[in-house]
Amino acid sequence: MATVVIDPVTRIEGHLRIEAETSASNVVTRASSSGTMMRGIEIILKGRDPRDAWAFTQRICGVCTVVHSLTSIRAVESALNWTIPTNARHIRNLMMGSQMVQDQVTHFYQLTSMDWIDIVSATKADATATSNLQKCQSDWPNNSPAYFEGVKQKLIGFVNTGQLGLFANGYWGHSAYKLPPEMNLMLFAHWLEALDWQRKVLKVHGIFGGRNPHPNFVVGGVPCTISNAPVLSAQGAKMVAVDPAALNTVQDCITQMGAFVTKVLRPDVLAMARFYKDWFKVGEGLGNFLSFGDYPLDNNANSTNLFVPRGAILGRNLAVVEPVDLNNPDEIQEFVANSWYDYSAGKSTGLHPYDGETAPNYTGPQAAYQNLDVSQPYSWDKTPRWKGKPMEVGALARVLIMYARNTAGARDYVNRALADLKLPLSAMYSTMGRIVAQSIDTQVIADQLQGWFNDLKTNIRSDLTTHNAQFFDPATWPDGVLTGVGYTEAPRGALGHWVSFEKIADNGTGSAGGKILNYQCVVPTTWNASPRDHLGQASAYEAALVGHTLAVPTQPLELLRTIHSFNPCMACAVHLIDGKGGDALRVKVC
């Protein structure tokens with residue numbers, strides 16, 4: 001038996017260590033997933049005003065900046081049973097939907113595609129053949145032989161320097177790469193285009209939230225004002241409200257998002273998948289899927305009327321979507337049996353997030369290059385469970401639940417993709433199925449953006465309200481401890497924040513305040529990347545890697561393909577970096 005160590009797994013947000021035990025024939029028999037940064041946001045938030053929590057949780061991650069702030073806002077509004085204005089709901093859905101589309105396009109091209117594209121091979125492509133390939137896919141305008149020859153020459157110049165920069169650690173020439181040079185070149189050209197595209201479409205966050213990353217939010221609505229006429233500052237240069245010109249920019253962003261997803265992303269994913277049909281048979285793991293739901297269709301903070309449904313699927317049974325209650329202490333629990341934390345009631349205890357504890361106790365390796373002792377705690381991730389079961393979260397979970405519920409186009413997109421690939425529905429339960437699901441999930445949300453924007457424009461004809469200040473003054477809050485849960489479907493999956501707080505009298509200061517008593521985040525990558533629980537049940541990453549055969553153990557491309565298919569974000573899962581630092585990269589076969 002040998003152990004393959006990847007530490008850290010790159011092209012993700014944060015630090016993840018994977019140890020895979022392999023047989024004599026290089027088949028993975030057991031995998032262990034370790035988050036290697038300490039979680040601390042919950043500790044930082046204790047004692048702070050709940051109205052400020054969103055600004056702290058937003059800094060959990062530089063990628064998931066909308067999702068944590070919005071989830072935090074919803075948690076406080078849930079505790080106060082706050083109703084937000086209709087305009088605020090539409091704007092939040094637009095900001096969240098834009099985040100979803102931008103993030104998943106970026107994930108495919110910048111963070112996943114190099115597992116499947118051999119960029120060195122692209123230097124040998126014929127530009128005319130590449131042009132013809134693009135024209136067969138869609139009418140995307142960047143399709144001429146001259147365009148692809150220009151991209152090819154740029155790439156050749158880059159490769160000839162011998163300094164591949166962020167591509168330096170690629171396993172170029174690995175036997176697992178199957179795409180012809182022309183497809184490698186086309187996909188690399190789109191890799192470059194996606195960089196420029198995302199810069200443009202994120203203007204939505206700047207318009208409604210003032211900036212990106214880390215746009216502004218506020219409990220009770222959104223912080224921007226809206227005007228049906230042009231509004232400038234006294235100097236005539238700075239916009240002080242979202243006016244028609246700004247809304248025209250939002251429309252342009254929505255149009256660009258839809259075009260890129262429809263004409264570039266989804267055709268690219270399907271074209272790539274045709275060469276990797278064997279990857280529709282590996283990498284599933286659990287067969288259990290969970291979604292918290294998102295995109296509210298009414299203004300109630302505790303609404304369950306959501307465009308993306310909330311629910312759970314067990315054992316691939318799409319005929320039954322189980323209801324999920326985020327407040328039920330018997331449903332969602334976190335365990336720490338194999339985590340570097342302690343619970344006052346013991347490490348085998350499961351705690352609902354309202355009762356959650358964050359008490360670090362590091363007992364892991366003390367020396368560099370020391371392997372994990374998986375008979376002991378081995379991760380900074382806690383281990384969440386739904387009704388005691390490990391669950392996969394993310395785009396595949398969302399798409400399967402939307403498929404089962406027949407949500408707005410999802411079933412049609414899935415059926416069309418599978419028909420194009422000549423594959424059964426069961427092919428979705430796999431590494432490549434996860435990537436196809438991400439493209440479908442992105443398309444579904446890109447389609448909805450226009451409808452939400454149209455609803456906003458219609459509503460502002462008679463209503464410009466963007467904030468409900470009814471409960472913003474803590475003096476109006478009920479006495480006693482208030483509890484609330486916020487949720488989103490982040491690109492990486494089900495995200496929940498649970499908060500308990502109480503109001504504080506003004507004590508002669510002239511204003512009342514609030515005090516957080518407990519705050520717990522259960523994030524998507526915690527569900528997927530967590531260590532085994534007290535019963536020995538593997539979570540999604542660990543289960544999905546078992547059975548992979550490594551063609552070259554010192555170049556574990558197969559493991560990276562499946563891990564990256566989940567769209568990992570370890571910064572979200574663990575939240576606070578060890579200031580002592582550590583190794584930049586280590587791939588080791590023991």
Side-chain angles (χ1 to χ4, degrees), residues 104-168 170-201 255-280 416-417 419-423 432 435-436 438-439 442-443 446 557 561:
Q104 294 200 134
V105 169
T106 301
H107 173 252
F108 175 71
Y109 288 104
Q110 274 68 54
L111 304 180
T112 297
S113 66
M114 291 303 153
D115 295 337
W116 312 90
I117 302 170
D118 187 337
I119 64 164
V120 176
S121 163
T123 62
K124 303 174 183 177
D126 178 87
T128 299
T130 306
S131 170
N132 292 335
L133 175 62
Q134 173 65 80
K135 291 174 182 177
C136 287
Q137 289 208 151
S138 73
D139 61 353
W140 187 245
N142 293 336
N143 62 14
S144 69
Y147 172 74
F148 286 111
E149 182 63 30
V151 173
K152 175 182 170 181
Q153 291 306 317
K154 286 180 182 178
L155 182 58
I156 288 173
F158 189 53
V159 170
N160 286 345
T161 67
Q163 298 179 5
L164 289 177
L166 55 87
F167 302 124
Y171 301 141
W172 315 124
H174 193 290
S175 61
Y177 285 116
K178 296 182 179 180
L179 300 182
E182 288 70 28
M183 187 165 290
N184 283 319
L185 178 59
M186 181 186 71
L187 294 176
F188 178 70
H190 295 162
W191 188 99
L192 293 173
E193 290 178 44
L195 289 174
D196 185 56
W197 168 89
Q198 66 172 304
R199 176 181 60 83
K200 295 175 181 176
V201 302
T255 301
Q256 289 188 58
M257 281 188 267
F260 197 86
V261 172
T262 302
K263 297 182 179 184
V264 182
L265 174 69
R266 280 185 51 242
D268 279 358
V269 169
L270 291 177
M272 186 185 81
R274 293 187 191 102
F275 286 86
Y276 291 106
K277 286 192 174 181
D278 50 329
W279 282 89
F280 283 102
R416 284 163 53 190
D420 184 88
L421 295 166
K422 297 180 173 57
L423 292 171
M432 189 57 69
I435 295 172
V436 170
Q438 287 165 2
S439 70
T442 309
Q443 182 76 73
L557 180 61
R561 285 176 168 177

Sorted by chain and residue number, the salt bridge (Lys or Arg N to Asp or Glu O under 4.0 Å) partners of K154 (sequence neighbours excluded) come out as none
Indicate the ring-plane relationship of W197 and F260, choosing parallel, tilted or perpendicular according to the 30° and 60° boundaries.
-> parallel
When every non-hydrogen atom of W140 is compared with those of E193, the smallest separation belongs to NE1-OE1, 2.8 Å
Where do L421 and R274 come nearest, in terms of heavy atoms and distance?
-> CD2-CG, 3.6 Å
Closest approach of A176 to R561 (non-hydrogen atoms, all atoms of both residues) = O-NH2, 3.1 Å
Hey, could you give me the CD1/CG distance between I119 and L179, rounded to the nearest 0.5 Å?
-> 13.0 Å
side-chain contact (heavy atoms from CB on, under 4.5 Å) assessment of Q134 paired with T130 = CA-CA 6 Å; Q134 173 65 80; T130 306; 5.8 Å; no
Would you say the side chain of M186 lies within less than 4.5 Å of the side chain of D268, judging by non-hydrogen atoms?
-> yes
Heavy-atom closest pair (Y177 atom, M114 atom, distance to 0.1 Å) is OH-O, 2.8 Å
Any chance you could measure Q443, atom CD, to R416, atom CZ, to the nearest 0.5 Å?
-> 8.0 Å
Kindly say whether L185 contributes a backbone atom to a donor-acceptor pair with the side chain of K152 at under 3.5 angstrom?
-> no
Test item: T112 side-chain N/O and F108 main-chain N/O as donor-acceptor pair under 3.5 Å | no
Measure from the side-chain N and O atoms of K277 to the backbone N and O of L423, and report whether any donor-acceptor pair falls under 3.5 Å.
-> no
Closest heavy-atom pair and its distance - P145, A127 | O-CB, 3.5 Å
Quick note, side chain to side chain donor-acceptor pair (under 3.5 Å) partners involving residues 116-127, not counting sequence neighbours, are S121-N184
Which value, rounded to the nearest 0.5 Å, describes the distance between L192 atom CG and Y109 atom OH?
-> 11.5 Å
Is there a donor-acceptor pair under 3.5 Å between the side chain of Y276 and the backbone N or O of K178?
-> yes
CD (Q198) and CD (Q110) are apart, to the nearest 0.5 Å, by 6.0 Å
Using 4.0 Å as the upper bound for N to carboxylate O, is an ion pair formed by K200 and D196?
-> yes
In Å, rounded to the nearest 0.5 Å, how long is the span from OG of S113 to CG of D115?
-> 8.0 Å
Report the distance from atom NZ of K135 to atom OG of S144, rounding to the nearest 0.5 Å.
-> 7.5 Å
Okay, side chain of T442, backbone of Q438: is any donor-acceptor separation there less than 3.5 Å?
-> yes
All heavy atoms of P181 vs all of A125, minimum pair found to be O-CB, 3.4 Å
Return the orientation label for the F188 and W191 ring planes: parallel under 30°, perpendicular over 60°, tilted otherwise.
-> parallel
Got M432 and D278 here, is their nearest side-chain heavy-atom distance under 4.5 Å?
-> no
I435/W279 under side-chain contact (heavy atoms from CB on, under 4.5 Å): CA gap, chis, key distance, verdict | CA-CA 10 Å; I435 295 172; W279 282 89; over 6 Å; no
